[in-house]
Undergrad: 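The structure under discussion is supplied below as structure tokens; questions concerning it will follow.
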Amino acid sequence: MTTQKLTLDHIKDGNKKYDENVKVQLDDNFHVHIYPNFDPVKITQIINMALKDVVEIESNKKIKHKLNIVDLLSIYAILTFSDIADIPQGIVSKVNLITELVKSPYFKLISGSFPEESFESINEKLLSMTEGAIRTQEALTDKANQEILQKVQKLTEVS
């Protein structure tokens, strides 16, 4: 079997799947377009946005509906990978949009239209980012402990 050398053009061709959308008929009156293949770059962006927003939601007294990271990730994914609406700027506007979306009878239909593997890719990326943060924290802690140990050794040698 002969193979080809992987080139940037091959990679670009493979990445076209992230731009493909599918029309989902919600009922006799409405449809929505979804992007069933979640772009890894956009996944990272919505995870970062959700992490920042969950902190802001907790600290903002004006917001009545407290949303957790899981709520935000699933709703941001639906908004990012469909043509329903753009995610607005400002946490109050985001929460208001989320509240309206979740109350809609179409929310479950839209959410259920995405392949399970796409939502799993968010979980995998979040797990990878969490593991990376833990490794970084452990490395920083080890380094700080080594520096403290060296300083203690120097102090005890002088005494």
Side-chain angles (χ1 to χ4, degrees), residues 1-140:
M1 168 169 53
T2 61
T3 61
Q4 294 182 3
K5 181 186 178 314
L6 180 66
T7 66
L8 184 57
D9 287 335
H10 294 117
I11 292 170
K12 287 179 180 179
D13 282 343
N15 288 343
K16 287 181 182 176
K17 69 181 179 185
Y18 300 121
D19 296 326
E20 296 171 358
N21 66 47
V22 175
K23 180 179 175 180
V24 176
Q25 195 68 41
L26 300 172
D27 60 20
D28 291 339
N29 298 316
F30 298 108
H31 71 270
V32 66
H33 291 96
I34 65 167
Y35 297 85
N37 299 300
F38 289 3
D39 179 337
V41 173
K42 290 181 180 179
I43 289 173
T44 301
Q45 291 170 343
I46 64 172
I47 289 172
N48 289 332
M49 181 176 18
L51 289 169
K52 184 183 84 162
D53 287 351
V54 78
V55 171
E56 194 171 345
I57 287 169
E58 286 301 316
S59 64
N60 191 322
K61 305 267 190 271
K62 295 178 187 175
I63 298 174
K64 297 174 189 170
H65 303 288
K66 300 299 181 190
L67 300 163
N68 63 41
I69 189 74
V70 175
D71 295 332
L72 290 176
L73 282 175
S74 65
I75 294 166
Y76 287 174
I78 290 167
L79 289 171
T80 300
F81 300 110
S82 74
D83 64 355
I84 297 171
D86 291 330
I87 299 174
Q89 298 296 316
I91 197 64
V92 174
S93 297
K94 287 178 185 177
V95 171
N96 289 339
L97 172 63
I98 289 167
T99 302
E100 289 301 318
L101 181 61
V102 171
K103 287 193 297 189
S104 165
Y106 300 108
F107 178 73
K108 285 185 180 180
L109 289 171
I110 297 165
S111 179
S113 298
F114 290 98
E116 189 64 35
E117 300 83 36
S118 294
F119 283 109
E120 287 173 13
S121 66
I122 295 174
N123 294 336
E124 290 168 6
K125 182 65 174 179
L126 185 59
L127 180 60
S128 171
M129 290 172 75
T130 302
E131 289 171 347
I134 289 170
R135 282 191 302 274
T136 300
Q137 183 61 40
E138 287 172 347
L140 290 172

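Here the structure is a predicted model, which means the values were calculated and not measured.
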Undergrad: With a 4.5 Å heavy-atom cut-off, do Lys103 and Thr99 have their side chains touching?
TA: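 Result yes, sub-4.5 Å side-chain heavy-atom pair found.
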Undergrad: So which heavy atom on Leu73 is nearest to which on Ala50, and how close?
TA: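 It is CD2-CB, 3.8 Å.
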Undergrad: Any idea which heavy atoms bring Phe114 and Ser82 closest together, and the distance?
TA: CZ-CB, 4.3 Å
Undergrad: Set out, in order, the CA-CA distance, both residues' side-chain angles and the distance that settles side-chain contact (heavy atoms from CB on, under 4.5 Å) for Ile47 and Tyr76, then state yes or no.
TA: CA-CA 9 Å; Ile47 289 172; Tyr76 287 174; over 6 Å; no
Undergrad: Before accepting this row, confirm whether a basic side-chain N of the pair Asp19/Lys16 lies closer than 4.0 Å to the acidic partner's carboxylate O.
TA: no
Undergrad: With a 4.5 Å heavy-atom cut-off, do Ile84 and Tyr106 have their side chains touching?
TA: no
Undergrad: For residues Leu97 and Lys94, determine if any side-chain heavy atom of one lies less than 4.5 Å from a side-chain heavy atom of the other.
TA: no
Undergrad: Does the side chain of Ile78 reach to within under 4.5 Å of the side chain of Phe119, using non-hydrogen atoms?
TA: yes
Undergrad: So, do Gln45 and Met49 sit near enough that their side-chain heavy atoms are less than 4.5 Å apart?
TA: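 Gln45 does not reach Met49 side chain to side chain.
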Undergrad: Using a strict 4.0 Å threshold on nitrogen-to-oxygen distance, state whether Glu138 and Arg135 make a salt bridge.
TA: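 Looking at Arg135 together with Glu138, the answer is no, because their closest N to O distance does not fall below 4.0 Å.
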Undergrad: Determine, step by step, whether Ile110 and Val24 satisfy the side-chain contact (heavy atoms from CB on, under 4.5 Å) criterion, reporting the C-alpha distance in whole Å, the side-chain angles of both residues, the deciding distance to 0.1 Å, and the verdict.
TA: CA-CA 8 Å; Ile110 297 165; Val24 176; over 6 Å; no
Undergrad: Taking the side chain as every heavy atom from C-beta outward, state whether Ile57 and Leu72 have any atom pair closer than 4.5 Å.
TA: yes
Undergrad: Do Asp83 and Val32 touch side chain to side chain, with heavy atoms closer than 4.5 Å?
TA: yes
Undergrad: Taking Glu100's backbone N and O only, do any of them form a donor-acceptor pair with Ser104's side chain (distance below 3.5 Å, no angle check)?
TA: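 No: the side chain of Ser104 does not pair with the backbone of Glu100.
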Undergrad: Taking the six-membered ring for Trp, are Phe81 and Phe38 parallel (under 30°), tilted (30 to 60°) or perpendicular (over 60°)?
TA: parallel
Undergrad: Do Asp71 and Val102 have side-chain heavy atoms sitting under 4.5 Å apart?
TA: no
Undergrad: For atom CG of Asp27, decide whether the heavy atoms of other residues, nucleotides or ligands shown that lie under 6.0 angstrom number more than 12.
TA: yes
Undergrad: Does CG belonging to Asp28 count more than 12 external heavy atoms closer than 6.0 Å?
TA: no
